[in-house]
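Below is one structure, written out as structure tokens; comments come after it.
Counting convention: from 1, in listed order, for ligands and their atoms alike.
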Amino acid sequence: MQQDSVALTEFAPAKINLALHVTGRRADGYHLLESLAVFTRFGDRIELAEAEEDSFSVSGSFADGVPTDGTNLVLRARDALRAALPHASARVSIKLEKNLPVASGIGGGSTDAAATLRGLAKLWDLDAGHERLSDIAAELGADLPMCITAKPLLARGTGDDLTPVAGFPALGLVLVNPGVGVSTPAVFSALKKRDNEGLPPLPRHIDFHTLRNWLEITRNDLEDAALSIEPSIGWAKAALMKADAGFARMSGSGGTCFGLFETGNVAKRAAAQIRSRHPDWFVAATRSMPSEGAHGQD
Ligand code: C5P
């Protein structure tokens, strides 16, 4: 007889670093960063279900090349949760739908692992608040705590010191990757300068125009280093500007670039244009998730 089993789906949004300044380096080699990050409605999906045995499978456009053994951050997140919380012991089937390109500067494995932690805490009814999950997450990677939060935020330190940004609207975005994965450690190693200035203060009122002006006076300090390893990142940015993006920049350690558009509909049209010129590229029109209580752009 089949028993009713508990199951749920947790969304793993893409993480976009709208700006990323490298401000120093710690003695252990990790870099100090200041970043404004948002999360999008486009992302991966994690399906979790109670099961007799643990299992893990991957589907979706970018399933190829995703490891399904214990090195996958999803399984490392499951195991870290079990190690940290004695009640987190039930067997679980995990299915990952991989829609985000791998090793591409938009969260990838980190957002999947964060969604796994959030989802398992619900599935197993764990007494683990946001802070506890963020602490467990931090052990798995520098980008994980911000992916647990998954709201517009300023990240400092190595990515662990987070301040949510209030009043941040939904943004029309297009994500473009010319089919290249870039190694994050390789990009950090290729940096020429590590003691750059921090981010300027955010505008008091954030909308498309004030944000674009602010973006113009900020940087992604990893961009030149990533370009020196993978010059095709420059083509993605150029394609976004050619499609009339209000602003375009590389996210994280690359190679995905984002374009900022005034509305979601304009973003969709631009994405269609880029897709028709570059059918082999990953191109996604999406909107970022606003701060709680803030409204959309269109
Ligand atoms: O923590 P995570 O595994 O995501 O980082 C991957 C690599 O990126 C680290 O091993 C390190 O080389 C580099 N990194 C860094 N400073 C950071 C974050 C990552 O140097 N703040």
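By the 4.0 Å heavy-atom criterion, Gly29 is counted among the residues contacting ligand 1.
Those atoms of ligand 1 that come under 4.0 Å of a heavy atom in Thr158, given as number and element, are 21 (N). When each atom of ligand 1 is checked for a heavy atom of Gly141 under 4.0 Å away, the hits are 1 (O).
Salt-bridge formation is not detected for the pair Lys193/Asp221: no Lys NZ or Arg NE/NH1/NH2 atom is positioned less than 4.0 Å from an Asp or Glu carboxylate oxygen. Note on Asp224 versus Arg219: no salt bridge recorded, every NZ/NE/NH1/NH2 to OD/OE distance being 4.0 Å or above. The pair Asp143-Lys15 meets the salt-bridge criterion, with a side-chain N (NZ, NE, NH1 or NH2) lying under 4.0 Å from an Asp/Glu carboxylate O. Ion pair Arg118/Glu10 flagged as a salt bridge, since at least one NZ, NE, NH1 or NH2 atom sits closer than 4.0 Å to an Asp/Glu carboxylate oxygen.
Counting heavy-atom neighbours within 6.0 Å of Asp69 CG, excluding the residue itself, gives a total above 12.
The shortest N or O to N or O distance between His31 and ligand 1 is below 3.5 Å. For a threshold of 3.5 Å applied to N or O pairs, the pair formed by Thr184 and ligand 1 contains no separation below that value. Polar contact with ligand 1: present for Ala142 (N/O pair, distance under 3.5 Å).
Atom 13 (C) of ligand 1 has as its closest protein heavy atom Phe188 CD1, 3.4 Å. What sits closest to atom 5 (O) of ligand 1 on the protein, heavy atoms only, is Tyr30 OH, 3.8 Å. Among protein heavy atoms, the minimum distance from atom 7 (C) of ligand 1 is reached at Pro185 CG, 3.9 Å.
In this structure, Phe208 has its ring center at least 6.0 angstrom away from the ring center of Phe261.
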Could you tabulate the donor-acceptor pairs under 3.5 Å formed by side-chain atoms of residues 183-191, not counting sequence neighbours?
residue : atom : partner : partner atom : Å
Ser183  : OG   : Ala186  : N            : 3.2
Thr184  : OG1  : Ser253  : OG           : 3.0
Ser189  : OG   : Pro185  : O            : 2.9

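Only the side chain of Leu33 comes within 4.0 Å of ligand 1, judged by heavy-atom distances.
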